[in-house]
Amino acid sequence: MESSRRVSSASPSGRADGRMMRLGYFVNYGGPGAWRLPGSGIERQSEHAYYADIARALEAARFDFLFRGDLLSFSVPQAETSVASYFEPLTFLASLIPVTERLGLVATVSTSFSEPFNVARAFATLDHLSGGRIGWNIVTSGLGAEQFGEAALPDESARYARAREYVDVVTALWQSWDRDAMVLDRASGQYADASKIGTIDHRGDHFTVAGPLNIERSPQTHPVFVQAGGSDLGRAFGADVAEILFSASPTIDVARQYYTDMRHRIAAAGRVADDVAVMTGVSLIIGTTRAEARELQQYFRDQIDLVAGVRSVESQLGVSLADLELDEPIPAERLVGAGAGAARKGRASLMVGLAADPTKTLRDVIVDMNTNGVYWQPVGSPVDIADALETWFTTGAADGFMLTPAHYPDGLGLFLEEVVPILQERGLARTEYEDGTFRENLGLVPIP
């Protein structure tokens, strides 16, 4: 049995520029059927203590942040076998502020289904109450129109045009109070200097907002901006505004291409590329030994309903596949035009690439899309996982990782107890938080 704490001498140690690996944790419920594993704790999924335990453990391991995504709609039949209960993200973050002190807290809010003033106010409140530890994952949404009385979402270009104006509005609102606007002079009775609080008087194509915000400037001025768009429009938007970029990259070559492309785009946008952290999603399967991890991998594969899987792949690609044999590759001609009508074009492009791989059968494509989707999925012991992360980090594929162990709590526990110390010993992961806000802990320049 391989040692779970061996520090590989064959792999490089650290980065030449001295930067630490960024680590985030994506709160979800793991791979197919993970909730059915003994000890998964699924019975506690609506308990605050369940998530408080996760947040405390992440902070003890000096993770950069915890991330909560959002799901506005789902297929009701999927609830028969898959987890389908999702808390509202901002309320969820608020509940974790009192149980943490340094951990960043990031949540998804869609620009398609919310208004700038309300969102600016909510994030400013959270940033104050947390002491400057909040981040916003900015999405334009590909699903959920039916929950808001809409037949369908606008096309991608219209959604991103709204998102760009949205970010302008909330930023202006957050900056509508000067840092020194508060006076609080008891003797004179002056609460604030009104000359340092200004309306924004925004009138645009999508929003008309007078301002100012009714909350003083928060510790970070605005939350750390996070973005994950993979299409050309999504990448352009991310290059303009993001401070953390999430990458969906199933292979190291795809990750390197994304990393290089985004650094060029960020520089072209007049920003400093090193001021933006590129973090790739990792749907890892970890065991105490490599053999145990492989057994878990097979368990997740065995949970997949192949009949439903065909329908899922058809839906995501927009092509008919029901007449194909499971153990044959998908014919190239069947994929002509695949993904063209998808709402999430970046993700669709990656899925088309996966389906077009001539070495993969339809069965392989179904299994891949249902176990790790378009994310990288390393499988192995703690040392295997540490080695794999180090390779990606030190060879230009990522500045860090958004981690989703395929099973909880054992997968997360193994990562925190075994993998993190290896990364720390190699000089790749921090052993202590830096001083300051979430933005400052990420090594980003504070906003005045």
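Keep in mind it's a predicted model, so treat the numbers as computed, not measured.
Phe246 and Phe67 have their aromatic ring centers within a separation under 6.0 angstrom.
A donor atom on one side chain and an acceptor atom on the other are not found under 3.5 Å apart for Thr221 and Arg439. Remark: the Thr280 side chain and the Tyr259 side chain contain no N/O donor-acceptor pair separated by less than 3.5 Å. Judged by distance alone, the side chains of Gln297 and Arg294 do bring a donor and an acceptor atom under 3.5 Å apart. A donor-acceptor pair shorter than 3.5 Å can be found between the side chains of Ser110 and Ser141.
A cation-pi arrangement is present between Arg68 and Phe92 under the rule of less than 6.0 angstrom and at most 45 degrees off the ring axis.
The salt bridge (Lys or Arg N to Asp or Glu O under 4.0 Å) test applied to Asp302 returns no partner, not counting sequence neighbours.
Under the 3.5 Å distance criterion, the side-chain polar atoms of Tyr25 are left unmatched by any main-chain donor or acceptor of Asp64. Between the side chain of Arg265 and the backbone N or O of Gly238 there is no donor-acceptor pair closer than 3.5 Å.
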* Asked: Under the salt bridge (charged side-chain N to carboxylate O under 4.0 Å, His left out) criterion, do Asp323 and Arg334 qualify, and how do the steps go?
  -> CA-CA 11 Å; Asp323 62 314; Arg334 191 68 65 91; 2.9 Å; yes
* To do: Kindly determine whether Arg271 and Asp240 satisfy salt bridge (charged side-chain N to carboxylate O under 4.0 Å, His left out), including the steps that lead there.
  => CA-CA 8 Å; Arg271 304 175 66 203; Asp240 283 345; over 6 Å; no
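Legend: ring pair (Phe, Tyr, Trp, His ring centres under 6.0 Å) pairs involving residues 220-240, not counting sequence neighbours, sorted by first then second residue: Trp136-Phe225, Tyr160-Phe237, Trp174-His222, His222-Phe225.
Below 30°, between 30° and 60°, or above 60°: for Phe87 and Tyr51 the angle between ring planes is above 60°, a perpendicular geometry.
Across all their heavy atoms, Tyr258 and Ser249 have their closest contact at CB-OG, 4.4 Å. Between Val276 and Ile244, the shortest heavy-atom distance links the atoms CG1-N, 4.4 Å.
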